[in-house]
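Remarks on the structure that follows.
Chain identifiers are assigned alphabetically (A, B, ...) following the order of the sequence lines, protein sequences preceding nucleic acid strands; residue numbering begins at 1 within each chain.
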Amino acid sequence: MLDIQFIRDNAELVQEKSRQKGYDVKVTDLLKLDEERRNLQGKIESLRAERNQIADALKGGNPSEDQIKRGREVKEQVAQAEALLDPVEASFLALLKKVPNMPLDDVPVGASEDENVVAKTVGEPTQFDFEPKHDYQLGEAKDLIDKERAAKVAGSRFAYIKGDLVRLQFAIIQFVLQELGDEAVIKRLVEENNLQLSTKPFTPVLPPALLRTEPYVASARLDAEEVTYKIEQDDLWLNASAEHTLCTMYWNEILPEEALPIRYIGYSTSFRREAGSYGKDVEGIFRMHQFDKLEMEVFSTSESGLDEHKLMVAIQEYLMQQLQLPYQLIKKCTADIGKPNATGVDINCWFPGQQQYRETHTADYMTDFQARDLKIRARRTSGELDPVHTNDATAFALGRILKAIIENYQNQDGSIRVPTVLKSFMGGAETI
RNA sequence: GGAAGGGUGUCCGAGUGGUUGAAGGAAACGGUCUUGAAAACCGUCGUGCCGGCAACGGUACCGUGGGUUCGAAUCCCACCCCUUCCGCCA
């Protein structure tokens, strides 16, 4: 959530920026409730002070009938005042939670994803002297993807990924862990982008794939039950991304400033109900109920949060360039960055089967919005406590990136070339 | 699934209904000592909210939510979570 003090001090700005994000919150209503709440709270607190004084005076026991009577009266008054405050407090909190994070000033203002801005295009759409095929055509022909049998067993939007395609996935994982675990790579990207950052490499993490409601809600990421699977029996949700179980890792903790930045590269299977997207992308492995993902998560100080975001985008581009995949860098507009985000970038990779750029990566910078709810704070060397800043970003969503490789690296005979940087992890194989 | 034990501050850990925002220890910070460091010694040291320019004052918080009481970390009820043992299983 946003800092209420910030909202009090910047009511008009908050109203305007919320509107830009498509959240029609009534800031004046919120502030009215805030004032009401503070008034009631003041009254309750002075009544409580009186109650405490009475109790204090009676320390040691043997109170008289009169004293007990007076104590009871004040107690009754406190209860009445609290009963008035409770609903006000509840509506105040509900409204406060509706306020989205403020977009940074350079986020393009737009009403829908159509107004996202292409910041740059790297590489050219892959050229073929034959009609390029889709992932499912190539994958099914070579028995690398079997969705039909998966549908029999698990339903639509599931697949058996097989054979060399599995080896390719593990090659990508190995490659990413190698690059992100290499301080020299991080250092180069930090320097090339003029970032004031530590060169600390990313620590690989295998997080749990399920999480409980309470931390999930606190992460501000459980906004739509349509996208997330719930295990009713056990109050557990299947994570829709490793970021959900990574950002909640330090829930309710105070981290020493010296520990920051904390940089993780998580690997987890991700589950999505895709309830709102019936009929969309039903072919191939672009939009699945289950896919594996390598996800970066960084906890940092407030000063370095934005640079950490830039570093993560630089890493995404670096990885795409290493795989020599053509892509566009998309600056998401206010309507598309999402409620907890201050800024957001997508990478859309070129898919020859569809002849278009489609989203394969996203990078989210939440400033302190997420950490305030998660109560993750940094103990600064000055002794102050400060919510940390959080960033998450896709390294690779394996389903989509496998599809991108299959389609961009296809030969006319249906074989698929192995990207150069992955060959060493594929036993030197040239094609699959 | 069966049984037991626990959730207290940055961490460990004590806590008899009022003198407890909470002993003691560790860590951290400041200092004394030292050529320097360590050790030793002295001091400081929870968080949120409200009010105040501030010093500070008020209030809440001992897993969560209720209850009893003039007064609850402490008593009662419900729930959540963790650990250990047995069973089952990878």
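Among the protein residues, A/R8 comes within range of the sugar-phosphate backbone only, with heavy atoms under 4.0 Å from sugar or phosphate atoms but none that close to a base. A/I44 comes within 4.0 angstrom of no nucleic acid atom, judged by non-hydrogen atoms across all strands. Within the 4.0 angstrom heavy-atom criterion, only backbone atoms of the sugar-phosphate kind lie near A/R377; the bases stay farther away. When heavy atoms are screened at a 4.0 angstrom cut-off, A/K69 is found touching no nucleic acid atom at all. Counting non-hydrogen atoms under 4.0 angstrom, A/R70 reaches nothing in the nucleic acid.
For A/I54, the listed nucleotide lying nearest its side chain is B/rC70; candidates were B/rC70, B/rU47, B/rC49. Between B/rG18, B/rU47, B/rG51, one nucleotide has an atom nearer to the side chain of A/R38 than all others, and that is B/rG51. Comparing B/rU10, B/rU59, B/rG71 by their nearest atom to the side chain of A/K75 picks out B/rG71. Relative to the side chain of A/R212, the nucleotides B/rC70, B/rC81, B/rG58 differ in distance, and B/rC81 lies closest.
The distance between atom CD of A/Q53 and atom C1' of B/rG57, rounded to the nearest whole Å, is 12 Å. Across the protein-nucleic acid pair, A/E257 atom CD and B/rU10 atom P stand 17 Å apart, rounded to whole Å. What separates CG of A/D235 from P of B/rC82 is a distance of 11 Å, to the nearest Å. Remark: C1' of B/rA60 and NZ of A/K43 are 19 Å apart, rounded to the nearest angstrom. Between the CD atom of A/Q5 and the P atom of B/rG51 there is a distance of 8 Å, rounded to whole Å. Remark: C1' of B/rU19 and CG of A/N52 are 15 Å apart, rounded to the nearest angstrom. Atom CD in A/Q41 sits about 13 Å away from atom P in B/rC61, given to the nearest Å. Remark: P of B/rC49 and NZ of A/K375 are 11 Å apart, rounded to the nearest angstrom.
A/R377 and A/D368 are not joined by a salt bridge, as no carboxylate oxygen comes within less than 4.0 angstrom of a charged side-chain nitrogen. A salt bridge links A/K187 with A/E191: the distance from a Lys NZ or Arg NE/NH1/NH2 to an Asp or Glu carboxylate oxygen falls below 4.0 Å. Note on A/R221 versus A/D364: salt bridge recorded, some NZ/NE/NH1/NH2 to OD/OE distance being below 4.0 Å. For A/R380 and A/E303, the salt-bridge test passes: some basic side-chain N is under 4.0 Å from an acidic carboxylate O.
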Self-check item: Dot-bracket pairing map - RNA chain B, Watson-Crick plus G-U, both contacts under 3.5 Å, | cross-strand
Solution: ((((((((.[[[..)..(.....]]].(((((.......))))).((((((....)))))).[[[[[..)....]]]]])))))))....

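Spacing of C1' atoms, B/rC62 relative to B/rU47, comes out at 12 Å, to the nearest Å. With C1' as the reference atom, B/rU8 and B/rG21 are 11 Å apart, rounded to whole Å. Between B/rC80 and B/rG63, the two C1' atoms lie 8 Å apart (nearest whole Å). Across B/rA72 and B/rG15, the matching C1' atoms stand 13 Å from one another, rounded to whole Å. Atom P of B/rG46 sits at a distance of 14 Å from the matching atom of B/rG9, rounded to the whole Å. Going from the C1' atom of B/rG13 to that of B/rG24 covers 8 Å, rounded to whole Å. Going from the C1' atom of B/rU84 to that of B/rU32 covers 48 Å, rounded to whole Å. For the P atom pair drawn from B/rG43 and B/rA23, the interatomic distance equals 15 Å after rounding to whole Å.
One finds no side-chain N or O of A/R51 lying less than 4.0 angstrom from the OP1 or OP2 phosphate oxygen of B/rC70. A sub-4.0 Å separation between OP1 or OP2 of B/rU59 and a side-chain N or O of A/R48 is absent.
The nearest heavy atom of RNA chain B to A/R37 and to A/S46 marks one nucleotide each, and the one closer to the 5' end goes with A/R37. Of the two residues contacting RNA chain B, namely A/I254 and A/D34, the nearest-nucleotide position lying further toward the 5' end is that of A/I254.
For A/Y216 against A/L238, the heavy-atom pair with the smallest separation is OH-O, 4.4 Å.
Each of A/R287, A/R272, A/R400 was compared with A/D281 under the salt bridge (Lys or Arg N to Asp or Glu O under 4.0 Å) criterion, and only A/R287 meets it.
Ring orientation note: the planes of A/Y365 and A/H309 are close to parallel, at an angle under 30° on the 30°/60° scale. Under the 30°/60° scheme for interplanar angles, the aromatic rings of A/H289 and A/F158 are found to be tilted.
The side-chain tip of A/R37 points at the ring of A/F92 from less than 6.0 angstrom away and within 45° of straight on.
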